[in-house]
Amino acid sequence: MSVEHYFALDFDGVICDSVGESSLSAWRANIDLWPGCLDDVSDEQKDLLLDQMSIVRPVVETGYENMLLLRALKEELYTPQDLLKGWDSLREELLAKWGLERAEMVELFGKTRDHWIKTDFDGWLAPNKFYPGVVDSMLAVMKNPTMELDIVTTKQSRFTHALLNQMAKIPLPEDKIYSTTVSGAPKTEVLQ
């Protein structure tokens with residue numbers, strides 16, 4: 001039987017609400033990158049910053065950007081509304097201002113997640129939430145021989161795979177996950 005329907009889904013914001021995990025990973029990574037930068041934050045301020053991270057989440061294309069957003073919000077350089085309106089140019093300004101390169105940020109963000117997974121896998125999984133009905137729908141597509149499913153994401157594939165397999169119990173092979181994190185290529189190029 002041939003494939004009649006092909007599904008290519010994004011992961012974050014389509015399959016999984018990962019804003020909690022990505023914000024907490026950014027928090028951990030920022031502590032490593034800028035020691036002391038979050039030492040003066042009270043529990044109340046932390047909750048406010050994490051709420052603001054939820055507001056600005058729509059502008060995030062790749063996980064490392066959460067680190068920049070968190071620092072910008074903490075230092076009150078911009079309001080969430082400013083970040084929502086001008087993130088493409090502000091991201092580049094912040095990278096330059098803080099003397100950072102995209103590749104090093106991607107690597108640090110990935111290493112931070114790897115360390116969290118290694119030391120507290122359940123704690124890393126917990127802030128992630130799969131949207132209602134998505135898991136059952138994905139499993140139904142995978143069982144249908146006339147349908148094919150791939151994931152196209154900016155999340156590093158090892159993290160996507162871990163969430164799908166360990167948390168959602170979706171046995172999607174890793175070669176069905178296309179990550180653009182390292183290349184930075186637009187998802188539209190992957191789909192061509």
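What you see is a predicted model; the values in this text were computed from it and never measured.
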CG of Leu100 to OH of Tyr64, rounded to nearest 0.5 Å, is 9.5 Å

Q) Is the Trp124 ring parallel, tilted or perpendicular to the Phe159 ring (thresholds 30°, 60°)? A) tilted

ask   = So, are Asp150 and Lys176 salt-bridged, with charged N and O less than 4.0 Å apart?
value = yes

*Above 12 or not: heavy atoms from other molecules or residues under 6.0 Å from CD of Gln81?*
yes

* Gln156-Thr160 side chain donor-acceptor pair, cut-off 3.5 Å -> no

Leu49 and Leu83: same hydrophobic cluster, using ILVMFWY side-chain contacts below 4.5 Å?
-> yes

Same cluster or not: Phe7 versus Val134, using hydrophobic residues (I, L, V, M, F, W, Y) connected whenever any side-chain heavy atoms lie under 4.5 Å apart? yes

ask   = Would you call Glu174 and Arg158 a salt bridge, using N to O less than 4.0 angstrom?
value = no

- Item | Check: Leu95 and Met105 side chains under 4.5 Å, non-hydrogen atoms | yes

Within the side chain of Asp82, is there an N or O that forms a donor-acceptor pair under 3.5 Å with the backbone of Leu84? no

**OP:** Give a yes or no on whether a salt bridge exists between Asp10 and Lys155, defined as a side-chain N under 4.0 angstrom from a carboxylate O.
**Re:** no

Same cluster (ILVMFWY, side-chain, under 4.5 Å), Val106 and Ile31: yes

- Query: Between the main-chain N or O of Leu163 and the side-chain N or O of Gln166, is there a donor-acceptor pair closer than 3.5 Å?
  - Reply: no

Checklist entry - Are Leu77 and Trp87 joined in one hydrophobic group, where the rule is that I, L, V, M, F, W and Y side chains link up if heavy atoms are under 4.5 Å apart? => result yes

*asked:* Atom CD of residue position Glu76 - does it have more than 12 heavy atoms of other residues, nucleotides or ligands inside 6.0 Å?
replied: no

CD (Glu107) and CZ (Phe109) are apart, to the nearest 0.5 Å, by 14.0 Å

Exercise. Around atom CG of Asp40, are there more than 12 heavy atoms of other residues, nucleotides or ligands at under 6.0 Å?
Worked result: yes

*Give a yes or no answer on whether the side chain of Asn165 reaches the backbone of His161 with a donor-acceptor pair at less than 3.5 Å.*
yes

Flag, side chain of Glu92 to backbone of Ser89, donor-acceptor distance under 3.5 Å: no

Residues passing the side-chain contact (heavy atoms from CB on, under 4.5 Å) test with Thr146, sequence neighbours excluded, are Met1, Glu4, Asn144

Output for pair (Leu9 CG, Met138 CE), nearest 0.5 Å, gives 6.0 Å

CG of Asn30 to SG of Cys37, rounded to nearest 0.5 Å, is 5.0 Å

Between Asp12 and Ser18, is any side-chain donor less than 3.5 angstrom from a side-chain acceptor? yes

